[in-house]
Amino acid sequence: MSLLRLEDINTFYGGIHALKGVSLEVNEGEIVTLIGSNGAGKSTTLKTISGQVKPKSGKIVYNGKDITNTPPHVTALTGIAHVPEGRRIFPRLTVKENLEMGAFSVRDKRVIEERMERVFHYFPRIKERLQQKGGTMSGGEQQMLAIGRALMMQPKLLMLDEPSMGLAPIIVEQIFEIIKELNEEGMTILLVEQNAFQALQIAHRGYVIQTGEIVMSGLGKELLVNEQVREAYLA
Amino acid sequence: MKNWLHTIQQNKRLQAIIVGLYIVVTFFSLYLAQKSVVAFLLLLSSLLLLYFTTFSNRVKWLIGGVVMVVLLPLAASQGEAYQSYMEVATLVGIYIAMALGLNIVVGMAGLLDLGFVAFFALGAYTYGIFATGQANNFMPFGHYPLSGESFWVFIFIGCFVAALFGILLGVPVLRVKGDYLAIVTLGFGEIIRIIFNNLDKPVNITNGAMGLASVQPPRLFGIDFMYPSQFYYIVLVILITVIFAVRRLEFSKIGRAWKAVRENEIAAQAMGIHLVKTKLMAFAVGASFSGMMGVVFAAKQTFVDPTSFTLLESITILVMVILGGMGSVPGVILGAALVTILNLQVLTELTNWLNQLSLNGVINVPDALSPAKMQRFIFGVILILFALYRPQGLLPAKNPVFDEKELKDADKLVNAGVQKEVPQNVHLDS
Amino acid sequence: MINEVLHTLPQVLIDGLTLGAVYAIVALGYTMVYGILELINFAHGEIFMTGAFVGTAILLTFAGFGWLASMPALVALVLVLVVTSVVTGLLGMGIERVAYRPLRNAPKLITLITAIGVSFLLQDIVRFIAELKNGNYILTGPSLFSGQIGIKASSISSIFNDASVKSSFFIVLIVAVIMMVTLDFFVNKTKWGMAMRAVAQDRETAALMSVNVNKVIALTFFIGSALGGATGVLFAIQYGTIDPYIGFILGLKAFTAAVLGGIGNIRGAMFGGILLGVMEMFAAANLPVVSHGVLGAEYKDVFAFAILIIVLIFKPEGLFGKVSVEKV
Amino acid sequence: MSILTVKNLTKQFGGLVANSNIDMEVQKGSITAVIGPNGAGKTTFFNMVTGVYQPTSGEILLNNESIVGLKPHQVTKKGIARTFQNIRLFGAITVLENVMVGMHNHLRGGLFSTVLSLPRVRKEEKEARREAYRLLEYVGLESFYNEEASSLPYGAQRKLEIARALATKPKVLLLDEPAAGMNPKETSELTKLIYNMREELDLTIVLIEHDMKLVMEISEHIVVLDHGEKIAEGTPDDIRNNEKVIEAYLGKGAATTA
Amino acid sequence: GCSGGQKNDTANNGGNGGGGGGSNVIKIATQTPLSGGSATLGESIKLGAQLALEEQQANFEKLGFKLELVPYDDQGDPKKGVANAQLIGADKQVFGVVGHLNSGVAIPSSEIYEKYSIPMVSPANTATDVTDRGLKTVNRICARDDFQGPAGAKFAVEKLGAKKIFIIQDKTAYGTGLAEAFKKGAEELGAQILGFEGITVGEKDFNGVLNQVLAKKPDLIYFGGLYTEGGLLIKQARDKGITVPIMGGDGLDSSTLVQIAGDAVKNTYMTSAAGLTTVTDAGKQFAEKYKQKFGKEIESYSAYGYDAMGVLLKGLENAIKANGNKLPTRQQVAEEVRKVQDYQGVVTKVSFDEKGDNKYAKIYIYKFDEAKYPAKLEDEVSKQ
Ligand SMILES: Nc1ncnc2c1ncn2[C@@H]1O[C@H](COP(=O)(O)OP(=O)(O)OP(=O)(O)O)[C@@H](O)[C@H]1O
Ligand SMILES: Nc1ncnc2c1ncn2[C@@H]1O[C@H](COP(=O)(O)OP(=O)(O)OP(=O)(O)O)[C@@H](O)[C@H]1O
Ligand SMILES: [Mg+2]
Ligand SMILES: [Mg+2]
């Protein structure tokens, strides 16, 4: 069953036509990856979904509801968590507060505690640094925190924008493991990656975006062996 | 409309005709309708029109020069309002120079300065003290007031003193960033003003709140400069020098360093830029313009007292810079001119007019709302509207655009063979 | 010389504390808005001024109906404080909506212009209304809490002279402390406070955390302005006379105080305000004595600004400000 | 010959030891990689070398001359340039001007000569522009030269940082994660560029990178940091097979990706 | 907008008119602060002047001239004042100025009036420099600082028996000038000056300086400044338990002083160049007319504005008559204004001396015995 569906989305930044009729679909329980080179429009796609930018035309349907023009804070409430590109940790909040921000809509303290424990389970490193200011963490640590923060929302759909960027190989491996694990536990995931190889390996399905247009789609495994994809993105 | 503008943009001859026609028409309307502020302003705005043409810089300067040096004074001089127009034009010039100075500090180097008027005060007092009998109180040698001939030297002394204080202010400021800087400079401005207001004790240097009256007018070849129409030319000369200096600095190593510091201090340092030196230079250069104009101001007013140098004045200059477009020299010039004219001429005329209406019984306003009292209100509204509708400033800063040809046709410093090997496909998806 | 300074010290401290408390609460308003929008809300001084006028107007109305005599002063005070805070809070929200929100993505300094515009506007509007109603824009309110209380400082040490305070001093101080503590708790310990800080640091991401950014900013303005208005009332009660131009000077001082303490930092604002008030009072009372008449009381502001500059030289982020670590 | 020598370098942030007694030698003309898990202290190490942070203790020698205590701009003058992990361009000025800022120390125009617009200054400026343009060509950004730096795509911004660093005419170039955010294809182009720069511009290059393909392909010497300590160093082959490194950093799957 | 009307004027004048020969409009300008902190005072001058002008309109109508008032706002800012002065000078129909409030504005602006030979009659500037520069067009009807200050000092020392005096001033040209003059006078009479301190205009807390007063224990406090600060200073001094007499100059002369200080105003003395407006019949009438027309009580300067305008119009009328009922030149008007003798105004009689100072300027000394304005007249000092 489709959890999220984009229909012919067109998004502009001023005069720049960043998304040119993007349509894609994410089914419940899937990992879907969106790959493409720099400036292809991957981040813009995620931003359009979460409401950070408004599409000029097209429709976004989530869980059967039209969420095309909902502002980001409302989208978040519907269960879509967006881990933005470049981590975007609150630099002067402590690590703990950063996590708490993730659970902003949750009132019950106990629930927050529980979720936090779950985050610690995935990222033990975070637990050691609860009182450190988010901004002083290293790049990798921040990425973990950013994912952890999104997990605090306990989202239905987790959108990750280049989570492997700037991370040590072992961490990348871990993160992909965690993504898989989260998915196995029932979370739907929309993954944007430059690291096409690894992304396609764990994804059920994938879309290739080029200068704002979806140029190809298919099962992860298919794309992995596709000649054109290999040449352009797997080098 | 767009098309139409486009055609004009393409066609230089058409532009020449339009500008020429405009200047002639406004010139004659001012010439004939002497008291028309509108005609005066329209003639002035021919400079703005000129700015938008595609003529070469040299031609623009030439035409602009003719308008400023000959046409404007000539057209205005035909009648009674002459001196008052020249007064306004002189003040506009003074403010433009100051705004350009502040623009270096705020717009280019990104250092928020709320005490800028202090440098103006320094210039004014430097001349004021020595061009009145005041200096006799503490200078054992020499005979004061100095004659008006010294004025020309004092322009440079004022420039130098202000620059020196710019550096003195800069030194403590270096460690302070962003909005902290704003308050430090604000404090500095207030300190200078309060000191000037109190330095009549223990030794009477500034004559305190009473101010310095009867400052000697400038003197050249036996002629005293007494009228705004004369000061107009002094200001014009200084102003043109200032504009040239700013323009050259802007697109030089120094200007780039200022902008780099503004954009990212850490990266600027990594490029080998000495942070302290660069910021100090911005302070000093910016201050020096103000210092010069301070000297002119003292001579023009013939009276210097601390009330001319309040915080509100600093804020007004800042408004000119931001409104015009931070970092943009043409923008700042426009901003300064607009705010000054608005304050001195338009608001005054407007209130006079409204007042006339209410005196004649055309409109009836309660006294509390009398137009003369609502100037701040009107000014406030205008500020808000401008900011909301032109948030980037009136003429936002532009980056220099270079011609590719000029950049290319040199012999290669880098090994000529390299180029081909370098992969050329960065623009893969753009 | 030292003796002379010590004689008046108790009184100087008390007076300084009063002034400082006023500075401190106004500084809080600056700090809050700054903390969240990185905007020096120049109009804050005018909101404070508006509060003073609204409060005085209410008190005058009460007095006009003869209610003031019939109700306990404390009740009147609380009533006025609450009403005024709400009025100025809404005013602040309105200003944000009209003059700041449309410029949220514009260059930072352009909002400075609208802030200045709003200041001028408020000054003239308040002046206009006051003049229309009163014939004169200088307003003197009914006196509340004007009893004098003597403090026998001489019983502590004979070097001190006795001091006296107006009972409104205690009101000012108590209300100020309550406001500061509440606010500090609110911002640092509650969820909405955390949301405010998050919005301050990264608006876009805060929205992704399901924070309604507009609401948080509006709330910030409401609280900041309500505080400003309430302070206006306290000011009017303490000093009795107000005019539409009090906001400018006081705003300036409070801004200085906020920076001294470390702008954006609530405790810093409190401390900075009190410190500035005490310093100023001390300078006004003692500069001539200490400098043998060379520096008069009028140098008090020079003294205050000089201290500020010196503090910032050694601690560029203000007394309580955290060194802003920029990770390279 | 060692151009950059680091002895016993330590940096503490409060209780946190970000670098602990690091010794390192960088050979002139080499490409050296510094790798390690996130938070290992790699960027901190760069920051100390470039004068952004002062070391808690230890020595940094450039050509046997200590550069500890120098300000960042002085370090640049000595011949060390760098790029930043989190891109730090001068966003509001053009790409060409960004590079020209890098030439700051090699231009001689002073305040007065500039204001007077002496022919010498004009000539120098013109030459600087051409030189800047050549550098842009070198990294392949010439088509963007008149654009605002902030409007560039991410990958181009990284390259601009390199061009800008080159403009300072460095002897040693420090690159902090130059390939971050690039796809494999772009990364391989970057690899070529880095390699060429070393060959043609007489440079010594030290780079931090998490992309093992790039690191293993290009570097002659690799230093591995973990928790602020140096846990290994050697040739790519040594490192690839070092148990400690695999455990702390590469992970088991490393063999397949790199 | 605004230029339309003016173009018509120009047309009436027959193009670029030099003297405006055909015109029968005569404008008198006022220049005072109408906005900002001291707008009340500036306003009251303007309104007083307006009243006088309107009363005279019929009179001038008979002579064939139409009188008009053009109020300018100098904002208390010298720059603005000078720029306005240029505008005033440029308007050939303006034949006189009533202004200013601040000496700091009057001094540079009058340099411009002098160039254009426009007579200025100042209702309020007490600084010595205003007339001491020897400008032919500058006149004032109020007393100079160096008359008012010593007169106050004499009263303080001789009548009130003050031996030790603490002086506070507001660090403006007015306050400093007056306080300095008082200080000099008091010292000459053998009083001891315990302190000479400044406060900042616009502030509301003067406890710092008052703590000094408390420590020094003077037997009189003198304040050079305006009523806004003065009122608060008096109130705060009394709150502190300082009971000695407080004395000030004409800047305190306002009903608002009493409003601000309330009961604390008792035992306050005030020197003023104004006779009590409301003690004479003429004064009472004036106050009533003023109230009726503008709906507010008079301020101390209202009557000065009225009288300054009166003198100016008197000079103008004389000039017109001397010129055979034709429009005189500005020079002629200026000369006639200076020549005005024994003009009887509401608050003062006016004859100008060779500098333009009023020979009849008198100093009146008032005391507040209760919280009521106006205060009780205690003494009168004449110039000679
Ligand atoms: N805020 C913005 N303003 C203007 N243009 C933008 C903005 N953000 C993105 N763009 C442009 O929109 C296009 C798509 O950008 P987007 O960030 O979605 O790419 P991406 O696929 O995520 O690339 P990357 O791998 O670099 O993250 C690019 O051409 C980019 O330059
Ligand atoms: N200014 C600072 N204040 C406090 N701690 C800091 C500071 N800078 C870095 N750290 C800490 O020092 C450690 C090393 O950080 P550094 O940035 O050098 O890591 P890194 O090796 O570059 O990691 P990454 O590969 O993720 O960029 C981290 O734990 C980080 O949190
Ligand atoms: Mg992206
Ligand atoms: Mg790093």
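Proteins get letters first, then strands, A, B, ... in listed order; numbering begins at 1 in each. Because the structure is a prediction, the values reported are computed rather than measured.
In summary, of the residues considered (D:Leu107, D:Asn98, D:Ile93), a side chain to side chain contact (heavy atoms under 4.5 Å, CB included) with B:Arg256 occurs for D:Leu107 alone.
Here the side chains of D:Glu124 and B:Lys253 are not in contact, with every heavy-atom distance at 4.5 Å or above. A 4.5 Å side-chain heavy-atom check between B:Phe402 and D:Thr94 finds every atom pair outside the cut-off.
Heavy atoms of B:Phe244 lying under 4.5 Å from chain D are absent altogether. There is no contact between B:Val246 and chain D, counting heavy-atom distances below 4.5 Å. The part of B:Arg262 that comes within reach of chain D is its side chain, from C-beta onward, which places non-hydrogen atoms under 4.5 angstrom from that chain. Proximity to chain B involves both the backbone and the side chain of D:Phe90, based on heavy atoms less than 4.5 angstrom apart. For B:Ala268, the parts lying under 4.5 angstrom from a heavy atom of chain D are both the backbone and the side chain. Residue contact with chain B, scored on non-hydrogen atoms closer than 4.5 Å, involves the backbone and the side chain of D:Ala92 alike.
One distance of note links NE2 of B:His274 with CG of D:Asn105; it measures 10.5 Å at 0.5 Å rounding. Here CE of B:Met271 is found 9.5 Å from CZ of D:Arg82. Values are rounded to the nearest 0.5 Å. Note that CE of D:Met100 is 9.5 Å distant from OG of B:Ser252, once rounded to the nearest 0.5 Å.
Across all their heavy atoms, B:Ile266 and D:Phe84 have their closest contact at CG2-CE2, 3.8 Å. Here the closest heavy-atom approach between residue D:Val115 and residue B:Arg248 is recorded as O-NH1, 2.9 Å. When all heavy atoms of D:Tyr145 and B:Asp403 are compared, the closest pair comes out as OH-C, 3.7 Å. When all heavy atoms of D:His104 and B:Ala257 are compared, the pair lying nearest together is CE1-CB, 3.5 Å. In terms of heavy-atom proximity, B:Ala260 sits nearest to D:Val101 at CB-CG1, 3.7 Å.
Listed options D:Gln74, D:Lys77, D:Glu97 were ranked by heavy-atom pairs under 4.5 angstrom with chain B; first place goes to D:Glu97. Considering only heavy-atom pairs separated by less than 4.5 Å from chain D, the leading option among B:Leu249, B:Ile254, B:Ile273 is B:Ile273. Annotation: maximal heavy-atom pairing with chain B below 4.5 Å, among D:Leu96, D:Leu111, D:Thr50, occurs at D:Leu111. The candidate with the highest count of non-hydrogen atom pairs below 4.5 Å against chain D, out of B:Ala267, B:Gly327, B:Gly272, is B:Gly272.
When the shell of 6.0 Å around CZ of B:Phe251 is examined, it contains more than 12 heavy atoms from other residues, nucleotides or ligands. Environment of OH in B:Tyr180: crowded, with over 12 heavy atoms of neighbouring residues, nucleotides or ligands closer than 6.0 Å. At most 12 non-hydrogen atoms from other residues, nucleotides or ligands lie less than 6.0 angstrom from CZ of B:Phe156.
Not one N or O on the side chain of B:Asn399 forms a donor-acceptor pair closer than 3.5 Å with the backbone of D:Glu147.
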